[in-house]
2 protein chains.
Amino acid sequence: MEEENRKKRILVPEPALRRMPSYLAYIKLARKDGMKYVSSTHIARDMGVDPTQVTKDLSYTSIVGKTRVGYEVEPLIDELENFLGFRIMDEAYLFGAGSLGMALLHDHGLKQFGLKVVAAFDVNPEIVGKNFGGVPVYHVDDFLQFKEKGIQIGILTVPVEKAQEVAHWMVKGGIRAIWNFTPVRIKVEEDVIVQNTSLYAPLAVMFNRLHSKE
Amino acid sequence: MEEENRKKRILVPEPALRRMPSYLAYIKLARKDGMKYVSSTHIARDMGVDPTQVTKDLSYTSIVGKTRVGYEVEPLIDELENFLGFRIMDEAYLFGAGSLGMALLHDHGLKQFGLKVVAAFDVNPEIVGKNFGGVPVYHVDDFLQFKEKGIQIGILTVPVEKAQEVAHWMVKGGIRAIWNFTPVRIKVEEDVIVQNTSLYAPLAVMFNRLHSKE
DNA sequence: TTTCAATAAGGAATTAATTCTTTAATGGCG
DNA sequence: CGCCATTAAAGAATTAATTCCTTATTGAAA
Ligand SMILES: NC(=O)c1ccc[n+]([C@@H]2O[C@H](COP(=O)([O-])OP(=O)(O)OC[C@H]3O[C@@H](n4cnc5c(N)ncnc54)[C@H](O)[C@@H]3O)[C@@H](O)[C@H]2O)c1
Ligand SMILES: NC(=O)c1ccc[n+]([C@@H]2O[C@H](COP(=O)([O-])OP(=O)(O)OC[C@H]3O[C@@H](n4cnc5c(N)ncnc54)[C@H](O)[C@@H]3O)[C@@H](O)[C@H]2O)c1
């Protein structure tokens with residue numbers, strides 16, 4: 001029983017987690033409009049989703065709503081940001097400081113969501129040794145020396161044909177969670193977390209839906 | 001019966017569609033390595049997914065595999081690209097030519113996936129009237145004049161507080177599919193396709209999984 | 001030639017996610 | 001004060017997605 005609990009802990013469903021930032025964004029807009037309470041009904045109506053889904057999603061957090069009025073805006077924002085991990089600043093390494101990697105390096109938004117890139121790794125001699133927005137770029141071969149720093153998150157923005165190899169290297173150097181921007185899915189040890197962010201995957205869905213309308 | 005068919009046509013599951021580009025990327029790598037055949041077993045092993053899922057996903061296309069050897073690489077790439085709509089060039093308008101919008105405007109990758117941005121719309125007088133990489137920027141107020149062009153796809157990269165309003169405007173001007181990059185979900189007519197691409201949503205999942213490991 | 005291991009593919013079973021239903025609470029209105 | 005409409009929340013029912021199971025096929029090895 002206990003073993004089961006440890007292995008198959010009840011996780012928050014991934015679809016719910018992925019929707020939560022959209023609630024957060026909505027509620028922040030509501031705050032800007034001076035609203036004190038928001039209800040799942042209103043959230044749902046404005047976002048075009050099912051109201052019980054909003055309720056259920058929010059119930060995974062420790063937020064409790066008030067019957068007849070909904071959720072109090074300020075505490076809801078606090079709780080959501082905490083729950084989603086946007087309030088604790090996690091440090092991360094970036095692998096592959098090319099056009100996408102550089103964009104992320106300069107992206108102010110990341111910090112707002114609790115992620116701070118503290119170093120980048122690349123192979124290109126033109127950028128290794130330099131600094132970009134205060135973030136130093138090292139040669140990827142030297143990465144293992146950074147293992148003791150204990151940083152757990154790695155952003156993968158290398159060319160697709162290097163993705164698997166670099167992912168392996170990342171794990172070897174202590175990375176436990178990989179934010180993968182390459183179009184391929186990488187194979188890593190089972191306990192390493194991978195989140196794929198394929199920019200173009202939504203296009204496949206969009207085209208399919210659009211074209212299947214005749 | 002027929003009515004039911006029209007309304008609730010059997011669609012390819014969205015999760016399957018979202019995975020397909022990753023198969024495509026993988027198979028292109030295989031081709032580069034000179035492989036003539038790939039099997040779902042190998043794809044699955046290398047990508048760390050279930051082999052029957054690969055088979056089932058590919059079965060939504062018209063591809064047929066060969067027992068004992070797998071799928072022929074060249075036809076599989078052709079069929080996948082066609083099926084995903086990456087071979088037909090769709091034209092699109094971009095709304096909000098800010099930092100993200102500009103990046104997409106200059107993104108060479110888009111064309112590779114069958115999307116061509118032919119015009120952008122903004123309100124900023126500093127960029128309205130100018131050209132960026134051959135793409136003219138018009139004032140968003142003038143958008144309705146473009147309706148007759150019949151372009152169906154719109155990319156939404158305006159500030160979050162303008163998202164709903166601009167989305168409405170897009171639909172009014174004939175847009176039938178919105179690629180939404182803002183963190184909020186927008187509400188539009190039921191027959192308008194929306195694909196949300198929230199860059200930071202995967203972070204929520206990653207943090208949750210990482211932190212729930214104690 | 002025969003056997004065997006690897007495979008696709010269809011359908012069944014299972015699991016996950018969403019939507020529906022019911023209940024209880026309560027603020028606002030008459 | 002008493003009703004009513006609105007809401008959260010828990011659990012049931014439904015639907016969607018994934019994984020498992022079975023079958024038939026076939027290239028390669030013995
Ligand atoms: N550019 C985009 O808009 C975009 C969008 C979506 C996805 N992607 C994906 O992101 C990845 C990177 O794209 P990009 O456009 O930035 O490519 P890029 O070529 O501009 O950048 C890749 C970087 O990785 C570095 N690199 C190569 N081998 C390396 C190694 N072994 N270790 C560390 N670094 C290494 C290169 O030196 C380069 O700086 C690709 O897989 C691409 O498919 C890019
Ligand atoms: N920059 C990023 O890396 C990033 C990443 C993920 C998501 N986003 C989201 O994408 C959106 C845009 O981000 P950004 O960083 O490019 O912002 P930005 O402020 O740089 O750009 C927004 C652009 O929209 C224009 N605009 C404003 N009102 C408009 C209107 N009514 N019609 C047309 N255009 C209008 C502005 O003039 C500006 O050019 C935001 O919602 C943001 O949350 C941005």
Side-chain angles (χ1 to χ4, degrees), chain A residues 4 7-20 22-23 27 30 35-73 75-76 79-80 185 190 196 201 204-205 208-209, chain B residues 4 7-20 22-23 27 30 35-73 75-76 79-80 185 190 196 201 204-205 208-209:
Chain A
E4 236 178 84
K7 291 201 83 167
K8 277 206 163 190
R9 199 183 285 104
I10 307 107
L11 293 171
V12 181
E14 181 158 335
L17 284 172
R18 298 182 63 91
R19 282 188 295 266
M20 285 189 199
S22 71
Y23 303 144
I27 298 153
M35 316 240 335
K36 286 285 167 213
Y37 286 89
V38 289
S39 76
S40 59
T41 323
H42 286 121
I43 299 176
R45 190 196 306 132
D46 290 352
M47 310 210 315
V49 299
D50 188 277
T52 60
Q53 183 167 74
V54 177
T55 311
K56 188 141 286 183
D57 286 349
L58 292 180
S59 77
Y60 294 115
T61 72
S62 58
I63 275 286
V64 282
K66 284 208 184 78
T67 293
R68 186 59 228 263
V69 288
Y71 305 90
E72 214 180 330
V73 165
L76 182 50
E79 167 59 14
L80 262 181
R185 309 238 164 153
E190 223 175 73
N196 300 298
V205 185
N208 180 270
R209 301 310 190 220
Chain B
E4 236 177 86
K7 292 200 83 167
K8 277 205 161 191
R9 198 183 284 103
I10 305 107
L11 293 172
V12 181
E14 182 158 334
L17 283 172
R18 297 181 63 91
R19 282 188 295 266
M20 286 188 199
S22 71
Y23 303 145
I27 297 154
M35 316 241 334
K36 286 285 167 216
Y37 286 89
V38 289
S39 77
S40 59
T41 323
H42 285 121
I43 299 176
R45 190 195 308 133
D46 289 351
M47 310 210 315
V49 299
D50 188 279
T52 60
Q53 182 167 73
V54 177
T55 310
K56 188 142 284 181
D57 286 349
L58 293 179
S59 77
Y60 294 115
T61 72
S62 59
I63 275 285
V64 282
K66 285 208 184 78
T67 293
R68 187 61 226 261
V69 289
Y71 305 91
E72 214 180 329
V73 165
L76 182 51
E79 167 58 15
L80 262 181
R185 308 235 165 155
E190 222 175 74
N196 301 298
V205 184
N208 179 270
R209 301 311 189 218

Margin query: To the nearest 0.5 Å, what is the distance between CE on B:M20 and CD1 on B:I27?
Written below: 10.5 Å
Item checked: Nearest-Å distance for atom pair CD/P, residues B:Q53 and D:dC20 -> 11 Å
Notebook entry, point to check: CG of B:D57 versus C1' of D:dA16: gap in Å, rounded?
Noted result: 14 Å
Please tabulate the protein-to-nucleotide N/O contacts below 3.5 Å involving nucleotides 28-30 of chain D, giving atom names and distances.
none

Next item on the list: Please report, rounded to the nearest Å, how far the P atom of C:dT15 is from the CG atom of B:D50.
Entry: 14 Å
Item checked: OH-CD1 distance between B:Y71 and B:I63, expressed to the nearest 0.5 angstrom -> 8.0 Å
Item checked: Length of the line joining A:I43:CD1 and D:dT7:C1', which is rounded to integer Å -> 12 Å
Notebook entry, point to check: So, is B:H42 near the phosphate of C:dA6, with a side-chain N or O under 4.0 Å from OP1 or OP2?
Noted result: no
Notebook entry, point to check: Can you tell me how far CD of B:Q53 sits from CZ of B:R19, rounded to the nearest 0.5 angstrom?
Noted result: 3.5 Å
Notebook entry, point to check: Mind checking whether B:V54 and B:M47 have side chains closer than 4.5 Å, heavy atoms only?
Noted result: no
What's touching nucleotides 11-14 of chain C from the protein side, N or O pairs under 3.5 Å?
from   : atom 1 : to    : atom 2 : distance (Å)
C:dG11 : O6     : B:K56 : NZ     : 2.8

Checklist line | Donor-acceptor contact present, side-chain A:E79 to main-chain A:S62, <3.5 Å | finding: yes
Notebook entry, point to check: How would you label the contact of A:S39 with the nucleic acid (heavy atoms, under 4.0 Å): base, sugar-phosphate, or nothing?
Noted result: sugar-phosphate
Next item on the list: Could you provide the dot-bracket string of DNA chain D, using ( ) for intrastrand pairs, [ ] for crossing pairs and | for bases paired to another strand, with Watson-Crick or G-U pairs below 3.5 Å?
Entry: ||||||||||||||||||||||||||||||
Notebook entry, point to check: For the pair made of CD in B:E14 and C1' in D:dT15, what is the distance, rounded to whole Å?
Noted result: 16 Å
